[in-house]
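One structure below.
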Amino acid sequence: DSGVTQTPKHLITATGQRVTLRCSPRSGDLSVYWYQQSLDQGLQFLIQYYNGEERAKGNILERFSAQQFPDLHSELNLSSLELGDSALYFCASSERTGPEQYFGPGTRLTVT
Amino acid sequence: GQNIDQPTEMTATEGAIVQINCTYQTSGFNGLFWYQQHAGEAPTFLSYNVLDGLEEKGRFSSFLSRSKGYSYLLLKELQMKDSASYLCAVRGGNTPLVFGKGTRLSVIA
(Lines give C-alpha, C1' and ligand atoms only; values in the text may rest on other atoms or scores of the structure.)
Protein backbone atom coordinates (compact mmCIF):
# COMPACT_ATOMS: atom_id res chain seq x y z
CA ASP A 1 0.00 0.00 0.00
CA SER A 2 1.63 3.22 -1.22
CA GLY A 3 -0.52 5.53 0.89
CA VAL A 4 -2.03 7.17 -2.19
CA THR A 5 -5.77 6.64 -2.53
CA GLN A 6 -7.92 6.95 -5.62
CA THR A 7 -11.66 6.77 -6.10
CA PRO A 8 -13.56 5.29 -7.72
CA LYS A 9 -11.81 2.03 -8.53
CA HIS A 10 -13.94 1.39 -11.59
CA LEU A 11 -16.10 3.70 -13.67
CA ILE A 12 -18.29 2.84 -16.63
CA THR A 13 -19.92 5.64 -18.55
CA ALA A 14 -21.19 6.55 -22.00
CA THR A 15 -19.64 8.64 -24.74
CA GLY A 16 -20.23 12.35 -24.34
CA GLN A 17 -20.45 12.18 -20.56
CA ARG A 18 -18.27 13.85 -17.93
CA VAL A 19 -16.56 12.16 -14.98
CA THR A 20 -14.41 13.20 -12.04
CA LEU A 21 -11.60 11.08 -10.65
CA ARG A 22 -10.30 11.76 -7.17
CA CYS A 23 -6.87 11.32 -5.62
CA SER A 24 -5.53 11.80 -2.11
CA PRO A 25 -1.73 11.91 -1.90
CA ARG A 26 0.43 10.40 0.83
CA SER A 27 0.46 12.41 4.01
CA GLY A 28 2.92 15.27 3.63
CA ASP A 29 3.41 14.95 -0.13
CA LEU A 30 2.84 18.24 -1.91
CA SER A 31 3.15 17.05 -5.51
CA VAL A 32 0.44 15.16 -7.34
CA TYR A 33 0.80 13.69 -10.83
CA TRP A 34 -1.85 12.25 -13.14
CA TYR A 35 -1.10 9.55 -15.71
CA GLN A 36 -3.15 7.74 -18.32
CA GLN A 37 -2.30 4.15 -19.22
CA SER A 38 -3.84 2.49 -22.23
CA LEU A 39 -2.78 -0.80 -23.78
CA ASP A 40 -1.09 0.67 -26.81
CA GLN A 41 0.36 3.86 -25.37
CA GLY A 42 1.92 2.88 -22.08
CA LEU A 43 1.99 5.25 -19.14
CA GLN A 44 1.46 8.82 -20.33
CA PHE A 45 2.03 11.82 -18.10
CA LEU A 46 -0.93 14.20 -18.08
CA ILE A 47 -0.33 16.93 -15.50
CA GLN A 48 1.43 17.78 -12.24
CA TYR A 49 0.34 19.99 -9.35
CA TYR A 50 2.52 21.21 -6.54
CA ASN A 51 0.91 22.67 -3.43
CA GLY A 52 -2.18 23.76 -5.32
CA GLU A 53 -0.50 25.17 -8.40
CA GLU A 54 -0.02 23.62 -11.82
CA ARG A 55 3.65 22.71 -12.20
CA ALA A 56 3.92 20.81 -15.48
CA LYS A 57 1.69 19.73 -18.31
CA GLY A 58 2.09 16.71 -20.54
CA ASN A 59 -0.14 15.21 -23.20
CA ILE A 60 -3.38 16.33 -21.62
CA LEU A 61 -6.33 16.92 -23.92
CA GLU A 62 -8.29 20.18 -23.73
CA ARG A 63 -11.33 18.10 -22.71
CA PHE A 64 -9.45 17.14 -19.56
CA SER A 65 -8.72 19.39 -16.61
CA ALA A 66 -7.40 18.98 -13.11
CA GLN A 67 -7.00 20.88 -9.89
CA GLN A 68 -5.43 20.45 -6.49
CA PHE A 69 -7.32 21.68 -3.45
CA PRO A 70 -6.01 23.30 -0.25
CA ASP A 71 -6.13 19.95 1.55
CA LEU A 72 -3.86 18.67 -1.28
CA HIS A 73 -6.29 16.18 -2.75
CA SER A 74 -6.64 16.40 -6.50
CA GLU A 75 -9.37 15.82 -9.03
CA LEU A 76 -9.10 15.00 -12.72
CA ASN A 77 -12.12 15.99 -14.77
CA LEU A 78 -12.74 14.28 -18.10
CA SER A 79 -15.49 15.65 -20.32
CA SER A 80 -17.06 14.87 -23.71
CA LEU A 81 -15.78 11.36 -23.24
CA GLU A 82 -14.81 9.27 -26.25
CA LEU A 83 -14.27 5.55 -26.61
CA GLY A 84 -10.53 6.16 -26.81
CA ASP A 85 -10.51 7.65 -23.32
CA SER A 86 -11.03 4.18 -21.89
CA ALA A 87 -7.88 3.54 -19.85
CA LEU A 88 -6.39 3.20 -16.41
CA TYR A 89 -5.85 6.57 -14.76
CA PHE A 90 -3.18 6.70 -12.10
CA CYS A 91 -2.39 9.37 -9.59
CA ALA A 92 1.03 9.56 -7.98
CA SER A 93 2.52 11.75 -5.29
CA SER A 94 6.04 12.61 -4.24
CA GLU A 95 7.95 14.29 -1.47
CA ARG A 96 9.38 17.70 -2.09
CA THR A 97 12.98 16.47 -2.12
CA GLY A 98 12.78 12.80 -3.03
CA PRO A 99 12.85 11.50 -6.61
CA GLU A 100 10.44 8.63 -6.13
CA GLN A 101 6.79 8.80 -7.09
CA TYR A 102 4.26 6.70 -5.19
CA PHE A 103 1.37 5.50 -7.30
CA GLY A 104 -2.23 5.00 -6.27
CA PRO A 105 -4.19 1.87 -7.26
CA GLY A 106 -5.73 3.59 -10.27
CA THR A 107 -9.20 4.17 -11.66
CA ARG A 108 -10.26 1.99 -14.56
CA LEU A 109 -12.46 4.04 -16.87
CA THR A 110 -14.57 2.31 -19.48
CA VAL A 111 -16.40 4.45 -22.01
CA THR A 112 -19.14 2.63 -23.92
CA GLY B 1 11.80 15.76 -26.57
CA GLN B 2 12.40 12.42 -24.96
CA ASN B 3 12.43 8.93 -26.43
CA ILE B 4 12.74 5.68 -24.48
CA ASP B 5 13.19 2.22 -25.97
CA GLN B 6 12.99 -1.12 -24.25
CA PRO B 7 12.12 -4.62 -25.48
CA THR B 8 8.42 -5.42 -25.56
CA GLU B 9 8.62 -8.93 -24.12
CA MET B 10 11.14 -11.27 -22.52
CA THR B 11 10.96 -14.78 -21.13
CA ALA B 12 13.29 -16.28 -18.55
CA THR B 13 13.49 -19.37 -16.39
CA GLU B 14 12.88 -19.50 -12.65
CA GLY B 15 16.17 -19.21 -10.77
CA ALA B 16 17.98 -17.60 -13.70
CA ILE B 17 19.27 -14.07 -14.28
CA VAL B 18 17.66 -11.66 -16.75
CA GLN B 19 18.81 -8.27 -18.01
CA ILE B 20 16.28 -5.75 -19.32
CA ASN B 21 17.82 -2.99 -21.41
CA CYS B 22 16.64 0.56 -21.85
CA THR B 23 18.01 3.23 -24.17
CA TYR B 24 16.92 6.81 -24.02
CA GLN B 25 17.32 10.19 -25.66
CA THR B 26 16.53 13.23 -23.62
CA SER B 27 17.21 16.94 -23.51
CA GLY B 28 18.66 17.38 -20.05
CA PHE B 29 18.95 14.50 -17.63
CA ASN B 30 17.85 14.34 -14.03
CA GLY B 31 17.60 10.64 -13.29
CA LEU B 32 16.54 7.25 -14.62
CA PHE B 33 13.99 5.12 -12.82
CA TRP B 34 12.81 1.53 -12.98
CA TYR B 35 9.31 0.56 -11.91
CA GLN B 36 7.64 -2.84 -11.66
CA GLN B 37 4.00 -3.19 -12.62
CA HIS B 38 1.88 -6.29 -12.25
CA ALA B 39 -1.08 -6.49 -14.61
CA GLY B 40 -3.88 -4.14 -13.58
CA GLU B 41 -1.95 -2.83 -10.60
CA ALA B 42 -0.04 0.35 -9.78
CA PRO B 43 3.63 0.73 -10.73
CA THR B 44 5.98 0.30 -7.78
CA PHE B 45 9.40 1.92 -7.52
CA LEU B 46 12.42 -0.35 -7.95
CA SER B 47 15.47 1.84 -8.47
CA TYR B 48 16.86 5.26 -9.27
CA ASN B 49 20.14 6.12 -11.01
CA VAL B 50 21.42 9.62 -11.52
CA LEU B 51 25.17 8.90 -11.69
CA ASP B 52 26.96 6.34 -13.87
CA GLY B 53 27.41 2.92 -12.40
CA LEU B 54 25.62 0.08 -10.73
CA GLU B 55 23.08 0.36 -7.93
CA GLU B 56 22.34 -2.90 -6.14
CA LYS B 57 19.28 -3.59 -4.06
CA GLY B 58 18.81 -7.21 -3.10
CA ARG B 59 18.03 -9.36 -6.12
CA PHE B 60 17.63 -6.28 -8.31
CA SER B 61 20.42 -4.09 -9.71
CA SER B 62 20.29 -1.16 -12.10
CA PHE B 63 23.08 0.24 -14.24
CA LEU B 64 23.40 3.60 -15.93
CA SER B 65 25.69 5.02 -18.59
CA ARG B 66 24.76 8.64 -19.25
CA SER B 67 27.20 9.03 -22.14
CA LYS B 68 25.59 6.11 -23.96
CA GLY B 69 22.01 6.92 -22.95
CA TYR B 70 21.73 3.37 -21.67
CA SER B 71 20.50 1.56 -18.62
CA TYR B 72 19.71 -1.99 -17.66
CA LEU B 73 17.81 -3.68 -14.88
CA LEU B 74 19.29 -6.98 -13.70
CA LEU B 75 17.07 -9.45 -11.89
CA LYS B 76 18.79 -12.38 -10.18
CA GLU B 77 17.40 -15.65 -8.80
CA LEU B 78 14.18 -15.14 -10.71
CA GLN B 79 10.95 -16.10 -9.00
CA MET B 80 7.53 -16.66 -10.53
CA LYS B 81 6.28 -13.52 -8.77
CA ASP B 82 8.76 -11.47 -10.83
CA SER B 83 6.50 -11.97 -13.85
CA ALA B 84 5.41 -8.40 -14.50
CA SER B 85 6.05 -5.40 -16.70
CA TYR B 86 9.19 -3.41 -16.03
CA LEU B 87 9.01 0.28 -16.90
CA CYS B 88 12.04 2.42 -17.62
CA ALA B 89 11.44 6.13 -17.01
CA VAL B 90 13.60 9.21 -17.48
CA ARG B 91 13.33 12.63 -15.92
CA GLY B 92 14.65 15.40 -18.13
CA GLY B 93 15.90 18.81 -17.14
CA ASN B 94 12.69 20.34 -15.87
CA THR B 95 10.17 17.75 -16.91
CA PRO B 96 8.45 15.05 -14.92
CA LEU B 97 8.95 11.39 -15.67
CA VAL B 98 8.62 10.06 -19.20
CA PHE B 99 7.96 6.33 -19.26
CA GLY B 100 8.89 3.75 -21.82
CA LYS B 101 6.19 1.32 -22.93
CA GLY B 102 7.52 -1.34 -20.63
CA THR B 103 8.99 -4.82 -20.97
CA ARG B 104 6.66 -7.68 -20.14
CA LEU B 105 8.70 -10.38 -18.39
CA SER B 106 7.39 -13.92 -18.15
CA VAL B 107 9.13 -16.25 -15.71
CA ILE B 108 8.63 -19.92 -16.55
CA ALA B 109 9.37 -23.04 -14.54
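Chain naming here is simple, since letters A, B, ... match the order of the sequence lines and numbering starts at 1 in each.
Annotation: maximal heavy-atom pairing with chain B below 4.5 Å, among A:Gln101, A:Gln44, A:Gln48, occurs at A:Gln101.
With a 4.5 Å cut-off on non-hydrogen atoms, B:Leu87 touches chain A through its side chain but not through its backbone. Contacts of A:Tyr35 with chain B are made by side-chain atoms alone, with heavy-atom separations under 4.5 Å and no backbone atom involved. With a 4.5 angstrom heavy-atom cutoff, A:Arg108 touches chain B only via side-chain atoms. A:Gln6 does not touch chain B: none of its heavy atoms, backbone or side chain, sits under 4.5 Å away.
In the hydrophobic clustering of ILVMFWY residues, with side-chain heavy atoms under 4.5 Å counting as a link, A:Phe90 and B:Phe45 come out together. Under the 4.5 Å side-chain heavy-atom criterion for grouping Ile, Leu, Val, Met, Phe, Trp and Tyr, A:Trp34 is not connected to A:Leu88 through any hydrophobic cluster.
Side-chain polar atoms of B:Tyr72 and B:Gln19 form no donor-acceptor pair below 3.5 angstrom. Donor-acceptor pairing under 3.5 Å is lacking for the side chains of A:Asp29 and A:Ser94.
Nearest heavy-atom pair across B:Ser62 and B:Leu73 is CB-CD1, 4.3 Å.
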